[in-house]
Amino acid sequence: MSKIIALALAPPVVAEIAPVAEVHQPVRVAANTERQPPASPAYSFPPVSKVRLRAAAIIRAMVLPGAVFLLVLAVWMLVNAKITSDIPTPAATWARALEIFGQPFYVAGPNDMGIGWQVLYSLGRVMAGFALAVAVGIPVGFLMGASRDVHQACYPLVQILRPVSPLAWLPIGLLVFQAKDPSAIFVIFITSIWPVIVNTSAGVQAIPQDYLNVARVLRLGKLEITRRILIPATLPHILTGMRLSLSVAWMVIVAAEMLTGGVGIGFYVWDEWNNLNVASIIVAIGLIGLVGIVLESLMNLAQRHFDYNRR
Amino acid sequence: MSYLNISNVDVVFPTANGAYIALREVHLEIEQGEFIAIIGHSGCGKSTVLNVVAGLLEATRGGVLLENKEVNSPGPDRAVVFQNHSLLPWLTVYENVRIAVDKVFGKSKSKAERHDWTLHNLKLVHMEHALDKRPGEISGGMKQRVGIARALAMQPKVLLMDEPFGALDALTRAHLQESVMEIQAALNNTVLMITHDVDEAVLLSDRIVMMTNGPAATVGEILKVDLPRPRNRLELADDPTYNHYRAEVLRFLYERQRRPEAA
């Protein structure tokens, strides 16, 4: 009890001491100025080597992510050691990765192909669905952006369907197409189309009135306005929509293929789970991530190329 | 009949609270080669007048005659220099002017002639050094120069300028005013300029049209600026006639048409 009281009293004591320290301070400062060397006529800074700065930046860029990577490895090993040994060690996974990537394109029958083929088949489906979505979504988005009536007509439908997980459409696809591949492509189409429509129509609506006034003063025709004003002005928005939908499409294809089966990275993961090859699954996860980054960078490149804001 | 005739123009906007009368009985006759400045407090409908002449906005009553022909849609014969330059950001400086040249002279001039004409107009505004730059890469003053070049390149019958230097800093504005005077001396364009800058109005124009406050804004007074050209900003600074004109405009704006909210 007495200790608590003492602790409670402690702060005021510190507060009382503080002013005393303040009184002493000016003296110290004065002493310091006396000791300072006389000011040099011009400021001189030690030369900073550009190479050294650059090297420091590179080291930082490697060390910081490296540290996180090591941390993840440590947690991984801990899971392996303490929770379940069904999760293979990093070393075992690495060995499996070497094995898988040693022969990425082998074909040992319709249900046994290298991981390279699995990825290419998945990419093919993504590209097909994505291309269809772009081909349909851009014109629809344009119409929605340009005409208030079309916007009013379509907007509620888009808003209702947009938040639906694209996988919910898979049974519909299977029913309509009676085949796995078109159904998976259909799911990707549904995935990709909403961001394309929404961004395109927003892009058309965001065109400044000034550009249209310029077009009116120049008496540009409808076709010229579309080609010289509407398309270039909305292109950045369209590309944003495309970038968003492509990355989601790549996520969705894995899930869709798990359900449809066949050759593809999604079914590969599911198949390896059934075989209890957990190391293969971890390798596939890494590969799916890498492919995702590649897709994202390609879209970024395209955006940089076509987007006047970024050139 | 004068060259450009703004004839008893009313502009009424429908709003949720009923009709808003922006302009009432705006009447103005402009001769060929005249430089007219329209000045007034912000919100008085200066830009509305310009938009009606440009054909971007339709007059509710009255109309605009250019060379005795009624104006009812926008066209390159009434080129507009927009307040915020309105260059197309995906086109280069050269392309921004060239698109106008191609549109206006696509039939009457050969490709080489159109190229030369584009360059000629960019030289006129001293922008020939930045042909391949995009609007995002040049300063605000430069953008407005290109905007002027684009308008001039259309060889308009009337050049319409909507507060062309309003968004620029004072020094850049002065530079561009010099350029406009230079070009005006060379080409003798008919110019209708909207401004809220008293010095700019007196320095550049032959007549200053002072507008009353809205709603139902109209022409309050017209001041003839009888100063010899070429005009020099520095010499005029101490010129009693110049200062007299300046004072006239200021008196109109700040005594007779005090902004209601400032009062």
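Chain naming here is simple, since letters A, B, ... match the order of the sequence lines and numbering starts at 1 in each.
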Would the number of heavy atoms belonging to other residues, nucleotides or ligands and lying under 6.0 Å from OH of A/Tyr155 be above 12? no
Given that the side chain runs from C-beta out, which part of A/Leu235 has a heavy atom under 4.5 Å from chain B: side chain, backbone, both or neither? neither
Counting heavy atoms not belonging to B/His175, are there more than 12 under 6.0 Å from its NE2? no
May I ask you to check whether over 12 heavy atoms, not counting those of B/Trp117, lie within 6.0 Å of atom CH2? yes
Does the B/Trp90 side chain pair with the main chain of A/Phe306, one donor and one acceptor, at a distance under 3.5 Å? no
B/Glu58 atom CD, neighbour heavy-atom count above 12 within 6.0 Å: no
Of the non-hydrogen atoms in A/Val214 and B/Phe82, which two are nearest, and what is the gap between them? CG2-CE1, 3.7 Å
Of B/Val80, B/Asp77, B/Leu160, which meets side-chain contact (heavy atoms from CB on, under 4.5 Å) against A/Val217? B/Val80
Is it the case that more than 12 heavy atoms not belonging to A/Leu64 sit under 6.0 Å from its CG atom? yes
Of the backbone (N, CA, C, O) and the side chain (C-beta and beyond), which part of B/Asn84 lies under 4.5 Å from a heavy atom of chain A, both, or neither? side chain
Got more than 12 heavy atoms from elsewhere within 6.0 Å of NZ, B/Lys133? no
Under 4.5 Å from a heavy atom of chain A, the part of B/Ala100 involved: both
Checking heavy atoms, do the side chain of B/Leu91, its backbone, both or neither come under 4.5 Å from chain A? side chain
Please round to the nearest 0.5 Å and tell me the distance separating atom CG of B/Asp102 and atom CD of A/Glu224. 9.5 Å
Shortest non-hydrogen separation from A/Leu218 to B/Lys103 and the atoms involved: O-CG, 3.0 Å
Neighbour count above 12 (heavy atom, 6.0 Å) for B/Tyr94 OH: yes
So do A/Arg219 and B/Val104 actually touch side chain to side chain, heavy atoms under 4.5 Å? no
Scanning both residues in full, the closest heavy-atom pair of A/Arg216 with B/Gly55 reads NH2-O, 3.7 Å
